[in-house]
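Below you'll find the structure, written out as structure tokens, and then a few comments.
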Amino acid sequence: NTAILFILAAGSTFVVMLGSIDLSIQAICSFASVIVAAMLPSYGYTAFLVAVAMGLVTGTISGLFHVWLRIPSFIVTLATSGLLVSAALLFSHERAISIDEAGRARLAWVTGDFLGLPNVIWVAALITALGIWSQKYTPFGRYSIAIGAGEPATWASGVRVNRYKVMAFAVSGALAALAGLLMAGR
């Protein structure tokens, strides 16, 4: 349970560093798990890609609405959350979706372990390490900190502020979907 929260937090970190908030991560996580559960029997591993792509696209759209229309991130992501929860209910026909044996075999890597630790912990550790590395050593991480500390000054120094805001929401959405994928495997 905690490993999935680490992944959700790692994705939200960049959005929060910008001075924004993403309230849609729970809904993205839930919808991604519904996508995986529903598509896994028919489409196999493609369901994983579809779920993560849904999170990436959803986060990008939220970011675009936030920067282009200048709607506060609180409102945009709350609306996104409502839409995704509704979509998940429609997609699942308002019922629990059970994963058959073939689907469980494809999700074995989620429930397995390596060196005595569950694989989910290894994924969370990798995502957390990549987030810390990205924050310290990439322009995306440094600019995210700069935007949060002073957006007008960062913009005046030539940084494409809106691009980095959209990227932060996209990363948050993709990692929330990854967390949903991992939840589906439990």
Is there a continuous path of hydrophobic side-chain contacts, each under 4.5 Å between heavy atoms, that joins Val57 to Val76? yes

Value rounded to 0.5 Å, distance of OG in Ser62 from CG in Leu84: 7.5 Å

Determine the minimum heavy-atom distance between Val85 and Ala27, stating which atoms define it. CG2-CB, 3.8 Å

Count I, L, V, M, F, W, Y as connected when their side-chain heavy atoms are under 4.5 Å apart, and connections chain through other members. Are Met17 and Val15 then in the same cluster? no

Could you walk me through whether Thr138 and Trp133 pass the side-chain contact (heavy atoms from CB on, under 4.5 Å) test, one step at a time? CA-CA 8 Å; Thr138 66; Trp133 176 81; 3.6 Å; yes

Quick one: pull up OG in Ser172 and CG in Leu18 and give me the separation to the nearest 0.5 Å. 10.5 Å

Where do Ser86 and Gly82 come nearest, in terms of heavy atoms and distance? OG-O, 3.0 Å

Tell me, do Ile25 and Ser12 make a side-chain contact under 4.5 Å, heavy atoms counted? yes

Quick one: closest heavy-atom pair of Ile21 and Phe169, and the distance? O-CE2, 3.9 Å

More than 12 heavy atoms of other residues, nucleotides or ligands under 6.0 Å from CZ of Phe48: is that the case? yes

Show the nearest heavy-atom pair for residues Cys29 and Met183, with the distance to one decimal. SG-SD, 3.3 Å

Side chains of Val123 and Ile7 in contact at under 4.5 Å (non-hydrogen atoms): yes

Atom OH of residue position Tyr164 - does it have more than 12 heavy atoms of other residues, nucleotides or ligands inside 6.0 Å? yes

Should the pair Phe140 and Phe14 be assigned to parallel (<30°), tilted (30 to 60°) or perpendicular (>60°) ring geometry? tilted

Distance in Å, Ile35 CD1 paired with Leu49 CG, rounded so as to fall on 0.5 Å steps: 12.0 Å

Joint cluster assignment, Leu23 & Leu69, ILVMFWY side-chain distance < 4.5 Å: yes

Would you check if Arg163 and Val67 make a side-chain contact, meaning some heavy-atom pair closer than 4.5 Å? no

Separation between CD1 (Ile127) and CG (Leu175), nearest 0.5 Å, reads 5.0 Å

Using the rule that Ile, Leu, Val, Met, Phe, Trp and Tyr join whenever any side-chain heavy atoms are under 4.5 Å apart, tell me whether Leu178 and Tyr45 fall into a single cluster. yes

Between Ala37 and Pro41, the two heavy atoms sitting closest are O-CD, 3.5 Å

Can you name the closest pair of heavy atoms from Met39 and Phe91 and give their distance? CG-CZ, 4.4 Å

Rounded to the nearest 0.5 Å, what separation is found between the CZ atom of Phe31 and the CG atom of Leu83? 10.5 Å

May I ask you to decide if Thr77's main-chain N or O and Ser81's side chain share a donor-acceptor pair within less than 3.5 Å? no

Looking at side-chain heavy atoms only, is the closest gap between Val161 and Tyr143 below 4.5 Å? no

How many angstroms lie between atom OG1 of Thr13 and atom CG of Leu8, to the nearest 0.5 angstrom? 10.5 Å

Does Arg95 CZ have over 12 foreign heavy atoms under 6.0 Å away? yes

Test log, rule side-chain contact (heavy atoms from CB on, under 4.5 Å), inputs Ile61 and Thr80: CA-CA 9 Å; Ile61 291 170; Thr80 301; over 6 Å; no

Same cluster or not: are Ile121 and Leu182 linked, directly or through other Ile, Leu, Val, Met, Phe, Trp or Tyr residues, by side-chain heavy atoms under 4.5 angstrom apart? no

